[in-house]
Amino acid sequence: MGEDRRLEEEVERQLRIIAEGAEVFVGEDDLRERLRTALAEGRGLRVKLGMDPSAPDLHLGHSVVLMKLRRFQELGHMPIFLVGDFTARIGDPSGRKKTRPALSAEEVARNAETYVEQVSRVLDVRRAELRFNSEWMEPMRAADLVRLCATATVARLLERDDFSRRYAAGDPIAVHELLYPLIQGYDSVALRADVELGGTDQTFNLLMGREIQRAYGQPPQAVITQPLLVGTDGREKMSKSLGNLIALTEEPAEMYGKAMSISDELMHEWIRILSAGEWPALEEASGAIREGRGGSPLELKQGLARAIVRRFHGEEAAAAAEAHFRRVVRGGELPEKIPEVEVAADGPEGRGLLYLLRELGFASSTSEARRLVAQGGVSVDGEPVRDPKAAVAPGEHLVRAGKRRFARVRVLSPAGGSGDPDSRG
RNA sequence: GGAGAGGUACCGAAGCGGUCAAACGGGGCAGACUGUAAAUCUGCUGGCUCUUGCCUUCGGAGGUUCGAAUCCUCCCCUCUCCA
């Protein structure tokens with residue numbers, strides 16, 4: 001009987017870890033049962049996480065749910081990483097105000113390729129199952145698709161928040177978008193998933209999976225959703241299209257800098273959501289500041305930024321990123337790496353500043369460069385330049401636009417100019 | 001199939017014959033402030049060797065007019081109601 005008690009304790013311990021930080025946990029009792037059976041039989045649960053290869057970059061927001069999948073892996077369960085190559089060609093309507101543009105097969109394939117590498121930063125991909133839903137969706141026959149469609153009703157699909165909102169607002173909803181949750185649910189059937197993870201925006205799709213599994217005679221998966229991470233703008237959820245993201249592949253210094261630019265309010269939220277039980281000291285310090293028990297918000301944010309970099313790049317890179325931040329950003333010194341560019345003069349005065357800015361990629365048009373200069377956003381060798389007609393004289397100069405764009409420019413003397421006879425145009 | 005309402009710059013949304021490169025809000029960029037924060041304030045936000053100059057833009061194609069985002073015709077797309 002001691003054996004049984006140990007099993008019970010292990011089940012409860014795992015459930016606690018599984019539930020930690022989760023927003024929604026549906027089917028906990030069923031899962032307890034299945035966990036007990038699985039542990040007794042010495043096998044793991046099948047834990048599904050699906051992602052559409054619609055954007056090539058995974059970001060910090062994705063990492064929240066990936067961390068949860070890693071927890072399952074650490075507990076001895078089988079992570080199933082599902083690349084929705086078929087569904088990406090439909091476009092997930094979740095959280096969408098508009099129909100998502102469908103991707104071509106080539107785009108999808110290209111995006112999918114980079115996924116495994118990115119996921120491997122969080123998960124041991126060798127001990128995970130990697131699947132593509134085209135595997136079963138591609139050969140599916142029309143009759144089978146109709147059968148799948150028969151498992152849900154239009155009213156049920158329209159209950160979805162984003163659909164009902166779009167419907168109420170008189171925005172278009174294409175029929176294929178209604179199919180999306182059905183197909184995602186069918187993926188769970190095909191994979192015989194015990195658990196499916198996702199962000200809270202996936203709640204409907206994941207619950208749909210339960211219904212479809214039932215319709216196909218399978219026990220319904222447990223559904224665990226993680227809170228969504230608000231992007232660096234502090235407003236909307238982190239996403240590629242809003243550009244408010246920190247990509248998992250981002251350079252350490254860039255990652256650190258972006259983390260430092262978030263608001264204090266957001267910092268506490270990020271710590272809570274991203275910690276995944278790994279950052280107790282940060283959680284403690286965060287609580288202290290919020291409750292007015294003292295502490296430095298700046299230091300806490302640095303701790304967060306460092307922890308984030310450490311998670312994806314390791315301790316050494318994190319320390320380097322922090323040193324860089326202290327020196328360059330807070331200390332006002334120049335970055336250690338400034339791109340060097342060589343340009344030809346376009347007149348005896350040197351190189352016209354506006355054209356130079358465009359050439360350097362600091363402005364996308366001459367007009368934009370003009371505005372940048374007129375507003376005092378440009379300096380040459382530390383001196384602000386406000387004259388749009390100014391030219392950068394031959395020789396080496398440090399050109400700066402805004403706060404963070406630097407270039408070391410070497411302007412070559414104009415060919416046939418009066419100066420250096422050795423100069424090559 | 002019938003009736004009605006719409007499609008405007010990155011997004012939302014005014015404008016409904018000239019004074020429209022197109023109000024306003026959001027976003028973005030720059031400056032001030034600061035803890036490179038956030039919030040706030042100020043300015044800018046189609047292109048052009050560029051400043052009372054030219055070119056391109058208001059779903060698409062034609063047309064009326066000295067002049068069209070604004071009027072007409074046809075077409076494409078969206079929504080609502082009825083069938």
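Just so you know, these numbers use all the heavy atoms, side chains as well, and skip hydrogens, waters and symmetry mates. Below, chains carry the letters A, B, ... as their sequence lines are ordered, and counting in each starts from 1.
If you run salt bridge (Lys or Arg N to Asp or Glu O under 4.0 Å) between A:E129 and each of A:R126, A:R127, A:R131, only A:R131 comes through.
B:A68 sits 28 Å from B:C77 when the P atoms are compared, rounded to a whole Å. Between B:G60 and B:A69, the distance separating the two C1' atoms is 14 Å to the nearest Å. To the nearest whole angstrom, the two P atoms, one in B:G18 and one in B:A32, are 42 Å apart. Taking the C1' atoms as reference points, B:C11 lies 29 Å from B:C50, given to the whole Å. As rounded to the nearest Å, B:A21 and B:C55 have C1' atoms that lie 11 Å from one another. Spacing of C1' atoms, B:C54 relative to B:A39, comes out at 43 Å, to the nearest Å. Between B:C29 and B:C75, the two P atoms lie 45 Å apart (nearest whole Å).
Using cut-offs of 30° and 60° for the angle between ring planes, the A:Y216 and A:Y186 rings count as perpendicular. Note on ring orientation: taking the six-membered ring where Trp is involved, the planes of A:F325 and A:Y256 are tilted (angle from 30° to 60°).
A:G257 comes within contact range of at least one nucleobase, with a heavy-atom separation under 4.0 Å. Contacts of A:F362 with the nucleic acid, taken as non-hydrogen atoms under 4.0 Å apart, are absent. Residue contacts for A:R326: at a heavy-atom cut-off of 4.0 Å it reaches no nucleic acid atom on any strand shown. Nucleic acid contact class of A:G376 (heavy atoms, under 4.0 Å, all strands): sugar-phosphate only.
Other residues, nucleotides and ligands contribute more than 12 heavy atoms inside 6.0 Å of the CD atom of A:Q218.
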> Taking it one step at a time, do A:T151 and A:M208 satisfy side-chain contact (heavy atoms from CB on, under 4.5 Å)?
Replying inline: CA-CA 10 Å; A:T151 62; A:M208 206 64 211; 5.6 Å; no
>> I'd like to know whether A:R410 forms a side-chain contact (heavy atoms from CB on, under 4.5 Å) with A:E340, so could you lay out the CA-CA distance, the side-chain angles of the two residues, the decisive distance to 0.1 Å, and finally the verdict.
In response: CA-CA 8 Å; A:R410 188 178 150 81; A:E340 293 187 22; over 6 Å; no
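Rounding to whole angstrom units, OH of residue A:Y167 and P of B:C79 are separated by 10 Å. If you measure from atom NZ of A:K403 to atom P of B:A32, you get 7 Å, rounded to the nearest angstrom. Here the P atom of nucleotide B:G26 and the CG atom of A:D233 are 15 Å apart, to the nearest Å. We find that CZ of A:R166 is positioned 10 Å from P of B:C79, with the value rounded to whole Å. One atom, CD of A:E236, and another, C1' of B:G27, lie 10 Å apart when rounded to the nearest Å. Going from atom CZ of A:R405 over to atom P of B:C29 covers 8 Å, rounded to whole Å. The separation between A:K258 atom NZ and B:U36 atom C1' is 14 Å, rounded to whole Å.
Distances from the side chain of A:L372 to the nucleotides B:U36, B:A30, B:G27 place B:A30 closest. Among the nucleotides B:A39, B:A30, B:C79, the one closest to any side-chain atom of A:P172 is B:C79. Proximity note for A:Q375 (side chain, C-beta onward) versus B:A39, B:G43, B:U36: the nearest is B:G43.
With both pairing distances under 3.5 Å, B:G1 is matched to B:C82 as a Watson-Crick or G-U wobble pair. Figure legend. B:C44 is base-paired to B:G28; pairs are counted as Watson-Crick or G-U wobble with both atom distances under 3.5 Å.
In terms of phosphate contacts, A:R400 brings no side-chain nitrogen or oxygen within less than 4.0 Å of OP1 or OP2 of B:A30.
A salt bridge between A:D194 and A:R46 is absent, with no side-chain N of the basic residue lying under 4.0 Å from a carboxylate O of the acidic one. Between A:E20 and A:R71 there is no salt bridge, since no side-chain N of the basic residue sits under 4.0 Å from a carboxylate O of the acidic one.
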> How would nucleotides 46-55 of chain B be written as a contact map, 5' to 3', with B for base contact, S for sugar-phosphate-only contact and - for no contact, using protein heavy atoms under 4.0 Å?
Replying inline: -SBBBS----
